[in-house]
Engineer: 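The structure that follows is given in the form of structure tokens.
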Amino acid sequence: DAKTTQPPSMDCAEGRAANLPCNHSTISGNEYVYWYRQIHSQGPQYIIHGLKNNETNEMASLIITEDRKSSTLILPHATLRDTAVYYCIVPPNAGGTSYGKLTFGQGTILTVHP
Amino acid sequence: KAGVTQTPRYLIKTRGQQVTLSCSPISGHRSVSWYQQTPGQGLQFLFEYFSETQRNKGNFPGRFSGRQFSNSRSEMNVSTLELGDSALYLCASSPSEGRPYNSPLHFGNGTRLTVT
């Protein structure tokens, strides 16, 4: 997978927007940027993914820079339940057939404070 | 739709024993992947199955094996358990439609295996 770099930890006040950055300077071709999160003792949860354009769903927004070398996940109104480890992943687009192999880094531990 | 279901939720085994973990994917999902999560190594890919065939395998010893049934349900087996096999084992499913790299994974909440 294209290597991604994330800050190890971030804090956010409840009700504020949480902006989680990710660098993926080696991204290439039609590789997508995916975000997952893992709340303690649960399995990772898919949040959002995108290719070039900004994406928004009921959980979050994803902003991808024009050169696609970095992106930001935005949780518009963070709650205490958003405290989790957030993973930015760029699965390889090598013409293969594998759907299920992802490389997880250490992610960003987001702590939302009251 | 029901999510990915993994059973059992917790398991305690003794060194040298073997263990079988079960995963039921989301209805209609044909790809099932397994991951091991430990505090030291993080989340690591074990293997992936599609249409009852192993399609991809991570860097784990042969003691770790799996299979997928015709209804897409999957099991993984670990033989001759070692203390280091204590981990959270996660299963994920994917619809496997369209392009592979544009298909999110949906994870279960895992089986917590403790080897004593």
Side-chain angles (χ1 to χ4, degrees), chain A residues 1-6 8 24 27-53 55 57-60 62 64 68 73 84-109, chain B residues 3-6 9-10 23 25-26 29-51 53-60 66 68 72 74 76 88-112:
Chain A
D1 298 6
K3 182 176 172 57
T4 60
T5 305
Q6 300 177 252
H24 31 79
I27 196 169
S28 63
N30 292 326
E31 290 176 337
Y32 283 72
V33 180
Y34 278 78
W35 284 83
Y36 290 81
R37 73 179 182 183
Q38 186 173 23
I39 296 170
H40 184 61
S41 296
Q42 295 182 20
Q45 177 189 25
Y46 163 74
I47 302 174
I48 197 168
H49 73 290
L51 181 62
K52 297 179 183 178
N53 302 318
E55 302 287 345
N57 63 21
E58 65 280 3
M59 290 184 67
L62 174 61
I64 303 174
R68 304 209 319 120
L73 178 74
V85 180
Y86 287 77
Y87 297 99
C88 170
I89 300 170
V90 178
N93 171 12
T97 58
S98 176
Y99 291 83
K101 183 178 180 182
L102 297 179
T103 300
F104 287 82
Q106 297 304 307
T108 295
I109 301 172
Chain B
V4 176
T5 304
Q6 292 188 246
R9 188 77 173 91
Y10 300 94
C23 172
I26 291 173
H29 285 196
R30 299 166 63 193
S31 169
V32 173
S33 302
W34 288 89
Y35 288 77
Q36 181 196 64
Q37 186 172 29
T38 59
Q41 299 298 319
L43 273 155
Q44 291 188 289
F45 171 78
L46 278 159
F47 27 64
E48 176 191 7
Y49 287 87
F50 179 81
S51 292
T53 301
Q54 187 181 87
R55 188 158 60 181
N56 215 333
K57 190 178 191 310
N59 188 24
F60 280 84
Q68 186 181 34
S72 294
S74 177
M76 69 162 282
L88 180 66
Y89 290 89
L90 292 155
C91 168
S93 73
S94 167
S96 299
E97 295 170 353
R99 292 174 293 182
Y101 39 89
N102 187 18
S103 187
L105 294 187
H106 300 267
F107 286 82
N109 283 330
T111 293
R112 173 77 61 185

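Side chains are part of it too, since the values below use all heavy atoms of this structure and drop only hydrogens, waters and symmetry mates. First the proteins, then the strands, lettered A, B, ... as listed; each starts at 1.
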Engineer: If only atom types and distance count, is the side chain of A:Y36 paired as donor or acceptor with the main-chain N or O of B:L105 below 3.5 Å?
Structural biologist: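 Judged by distance alone, yes, a pair lies under 3.5 Å.
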Engineer: Using non-hydrogen atoms only, which part of B:L43 is less than 4.5 Å away from chain A: side chain, backbone, both, or neither?
Structural biologist: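 For B:L43, heavy atoms of backbone and side chain both lie under 4.5 Å from chain A.
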Engineer: How long is the gap from CD on B:Q44 to CZ on A:F104, to the nearest 0.5 Å?
Structural biologist: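 The distance works out to 12.0 Å.
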Engineer: Side chain from CB out, backbone as N, CA, C, O: work out which of these in A:Q45 comes under 4.5 Å of a heavy atom of chain B, or both, or neither.
Structural biologist: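 Nothing of A:Q45, per the 4.5 Å heavy-atom cut-off to chain B.
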Engineer: Does CG in B:N59 sit with more than 12 non-hydrogen atoms of other residues, nucleotides or ligands closer than 6.0 Å?
Structural biologist: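 Open: at most 12 neighbouring heavy atoms sit under 6.0 Å from CG of B:N59.
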Engineer: Grab the two heavy atoms, one from A:P44 and one from B:F107, that are nearest each other, plus how far apart they are.
Structural biologist: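 It is O-CB, 3.2 Å.
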Engineer: Nearest heavy-atom pair of A:S41 and B:R9: which atoms, and what distance?
Structural biologist: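 Distance-wise, the nearest heavy atoms are O-NH2, 3.0 Å.
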Engineer: Between B:N109 and A:Q42 (side chain of the first, backbone of the second, donor and acceptor by atom type, cut-off under 3.5 Å), is there such a pair?
Structural biologist: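 Flag not set: sc B:N109 to bb A:Q42 has no pair under 3.5 Å.
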Engineer: How far apart are the closest heavy atoms of B:E48 and A:K101, and which atoms are they?
Structural biologist: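 Taking every non-hydrogen atom into account, OE1-N, 4.2 Å.
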Engineer: Using a 6.0 Å cut-off, check whether atom CD of B:Q54 has over 12 heavy atoms from anything other than its own residue.
Structural biologist: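 Check passes, neighbour count above 12.
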Engineer: Count the heavy atoms of every other residue, nucleotide or ligand shown that sit under 6.0 Å from CD1 of A:I109, and state whether that count exceeds 12.
Structural biologist: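 No, because the 6.0 Å sphere around CD1 of A:I109 holds 12 heavy atoms or fewer from other groups.
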Engineer: If you count every heavy atom of other residues, nucleotides or ligands that lies below 6.0 Å from A:K52 atom NZ, does the total exceed 12?
Structural biologist: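 No, not enclosed.
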Engineer: Measure across A:L102 and B:Y35 and return the closest heavy-atom pair with its distance rounded to 0.1 Å.
Structural biologist: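 Taking A:L102 first and B:Y35 second, the nearest heavy atoms are N-OH, 2.7 Å.
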